[in-house]
Protein chains: 2
Amino acid sequence: MSSETPKRLLFRQFAAVAKAVAHEHRLELLEALAQGERNVELLANRTGMSVANTSQHLQQMRRAGLIESRREGKFTFYRLSGPAVLDLLAALTRIGERHVGEVDKIVRTYFLSRDELEPVSRSELLARMKDGDVLVIDVRPQDEFASGHLPNAINIPLEELEAQLATLDTKKEIVAYCRGAYCVLSFDMVERLRARGFKARRLEDGWPEWQAAGLPVDPFPSS
Amino acid sequence: MSSETPKRLLFRQFAAVAKAVAHEHRLELLEALAQGERNVELLANRTGMSVANTSQHLQQMRRAGLIESRREGKFTFYRLSGPAVLDLLAALTRIGERHVGEVDKIVRTYFLSRDELEPVSRSELLARMKDGDVLVIDVRPQDEFASGHLPNAINIPLEELEAQLATLDTKKEIVAYCRGAYCVLSFDMVERLRARGFKARRLEDGWPEWQAAGLPVDPFPSS
DNA sequence: ATATCAATCAATCAAATAATTGAATAGTGT
DNA sequence: ACACTATTCAATTATTTGATTGATTGATAT
C-alpha cells in the first residue's frame, strides 16, 4: 500500500486539524477565543500558562487553520477562523458528554447533576425574554461581557455575586449563562443563587452558541 | 493555578476525544465505519494496516467514546457510537477545506478541481431522482454498497467500470458518490466517465451524510 | 481434545510532542 | 538613538505516542 495516495494526503491534513485541538490547553484557548478576539498576554493570564507557551500553542492552531491572527501595534490579536470551529467543539463535547462516563462523573462530583440544573434551551429563553419575566445573568469576566452578550443581560462574575445580591429582583426567575455548555461558572452561579432562595436555571450552552445561532445580541453588531 | 479544577478535568476529557481522531489511520477507520458496522480484519485489509495495529487504534477510539463494539462469535464488530461522530468529521473536513490551502492543492493535483466536478447537493439530487432523469452510481466496494445505499443506485466500483460501461444509459446524466466529501473514488469515477463522453457529476458528500440526513435509502431500514 | 481463527495483550524501539529557558524581533514612546 | 513591551524563535529535555513482533485469549468446528 503506497502511503502517498491522495486519500492519505487528505486524511493527513484533516488529522493535523484534529491534532491542533487535541490538547487541554488549546481547548481552553479556543474557549476563550470563542468569546471574541484576544491578544496573547491576556490569553496567557486567563489560562495560567507562560506567554511563550501560549504563543506556541496559538501558532500551532493557526497553522492548522483553526484560528487567525491580526497585528495591531505591539499586539497580536487572535480569533477563531470561522463557525466550523464552534461546530467542531460542539461535536467534541457532545461525544464526551454522551459516551464518556468520566464527564458526567466530573460534573456530578463538583456540581449538581446536569438534570437538576434544569437547562433552558436557547429558543425557550428567547421566548421568555420577550415576555420579560426572566432575568438573564452573564457570569463571564467583564472583558468578555463587553465584547458581546445576550440582550438585556447583566454582568455578574461569580466573585461579585455577594455585592450585587441586593439589587436582584427576587420575583423574576433567573437564567445564568457563561462561555459554553461546560463553562462551570454558570453551574456555580445557579447553585449559589438557589442556596439563597432564588429560582435559577442554566442556559443549555453559552454566548458563542447564541451568537452563532444568529439570535439577537447586545451590543448591536457594528460590522 | 491549580491543575485540578473541574474545568481542567473536563477539558482533559474532551481533549482525549480529539486525540482519538487526531491520526491519519484512525480517520480512515472512522470513514470505513461510517459506511456501516465492520470487523477488525476487514478494516485492517481495507486500510492496509496490520491486524494488531488496527485493533489497538480501534480500542483507543472505543475508550474515547467514538466507537462501540459488539462481539459475535469469533468476530468483534465495531460501529460509530452516534451521529455526533459524523458531525465531528464534517467539522474537521470543513476546517481543513476552508483554511488549509494544502487540501485544495492535493485535490487539484490528482483530480480536476472541486468546482470543475460540479458537485450536486443532496436536495438537488433527491429532486432529480424523483424526475427519474438521473443515473446514480455508488463507487464503493460491494460490501459497503450492500450495507446500505441511495435508492435505485447501481454499484460500480472503479475497477469494474470498463466491464459495465456498455450497460450504462448514455442519455441520462450520471451522479457518482462514495464515502464522503473527500472520498476520492467518486472524483476518479467522474473524470473517467467524462473522458468517455458521459455527462457526470459528483454528489457533494457521501452515503453517511445522506443517511444521517434522514433521506430515503435502500434497503429499507429494518430496525 | 485439538486445531483453527479472530482479536487482544505485552514488550520493545523509534518518532513525535510539550514545557521551559533565554535570546531575538518588531513596534512604541521618549 | 534609547529603553520598553509584546510576541516569537531556537534549543533542550522530559514525556507521550505509534508500529512491530510474538505470545495469549476466547470462540468455533472437527
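Chain naming here is simple, since letters A, B, ... match the order of the sequence lines and numbering starts at 1 in each. The structure displayed is predicted, hence computed values, not measured ones.
Note on A:His23: a side-chain N or O is less than 4.0 Å away from OP1 or OP2 of C:dA19. Side-chain N/O atoms of A:Arg26 include one lying less than 4.0 angstrom from OP1 or OP2 on C:dA18. In this structure, A:Lys19 reaches the C:dT17 phosphate: one of its side-chain N or O atoms is under 4.0 Å from OP1 or OP2. A sub-4.0 Å separation between OP1 or OP2 of D:dA6 and a side-chain N or O of A:Tyr78 is absent.
Here the side chains of A:Val120 and A:Arg202 are not in contact, with every heavy-atom distance at 4.5 Å or above. Contact of the A:Tyr110 side chain with the A:Val184 side chain is not registered, since no non-hydrogen atoms from C-beta on lie closer than 4.5 Å. With a 4.5 Å cut-off on side-chain heavy atoms, B:Ile95 and A:Leu66 count as touching.
No side-chain donor from either of A:Arg179 and A:Gln35 sits under 3.5 Å from a side-chain acceptor of the other.
The side chain of A:Ala52 lies closest to D:dC9, out of D:dA27, D:dT21, D:dC9. Closest to the A:Lys74 side chain, of the nucleotides D:dA19, D:dG26, D:dA6, is D:dA6. Nearest to the side chain of A:Glu41, among C:dA7, C:dA19, D:dT7, sits D:dT7. For B:Val40, the side-chain atoms get nearest to C:dT8 when compared with the rest of D:dA27, C:dT8, D:dA6.
The aromatic rings of B:His57 and B:His25 sit perpendicular, their planes meeting at an angle over 60°, well past the 30° parallel limit. Between B:Phe14 and B:Phe11, the ring planes lie perpendicular to each other; the angle is over 60°, past the 30° to 60° tilted range.
We find that CD of B:Glu28 is positioned 16 Å from C1' of D:dG18, with the value rounded to whole Å. The separation between A:Asn39 atom CG and D:dT5 atom P is 15 Å, rounded to whole Å. Residue B:His25 contributes atom NE2, which lies 14 Å from atom C1' of D:dT17 at whole-angstrom precision. The separation between B:Arg71 atom CZ and C:dA7 atom C1' is 6 Å, rounded to whole Å. Rounded to an integer number of Å, the gap from A:Asn53 CG to D:dT12 C1' is 15 Å. When the C1' atom of D:dG18 is taken as reference, atom CG of B:Leu27 falls 15 Å away, rounded to whole Å. Atom-to-atom, CG of B:Leu43 to P of C:dA7 comes out at 9 Å; the value is rounded to the nearest Å. In this structure, B:Glu24 atom CD and D:dG18 atom P are separated by 12 Å, rounded to whole Å.
Residue A:Ser55 is classed as a base contact, given a heavy-atom separation below 4.0 Å to a base. Note on B:Phe77: nothing from the nucleic acid sits closer than 4.0 angstrom, heavy atoms only.
For the pair B:Ser186 (side chain) and B:Ala176 (backbone), a donor-acceptor distance under 3.5 Å is absent.
More than 12 heavy atoms of other shown residues, nucleotides or ligands fall within 6.0 angstrom of atom CG in B:Asp143.
Taken residue by residue, residues 56-63 of chain B places heavy atoms nearer than 4.0 Å to DNA chain C at B:Gln56, B:Gln59.
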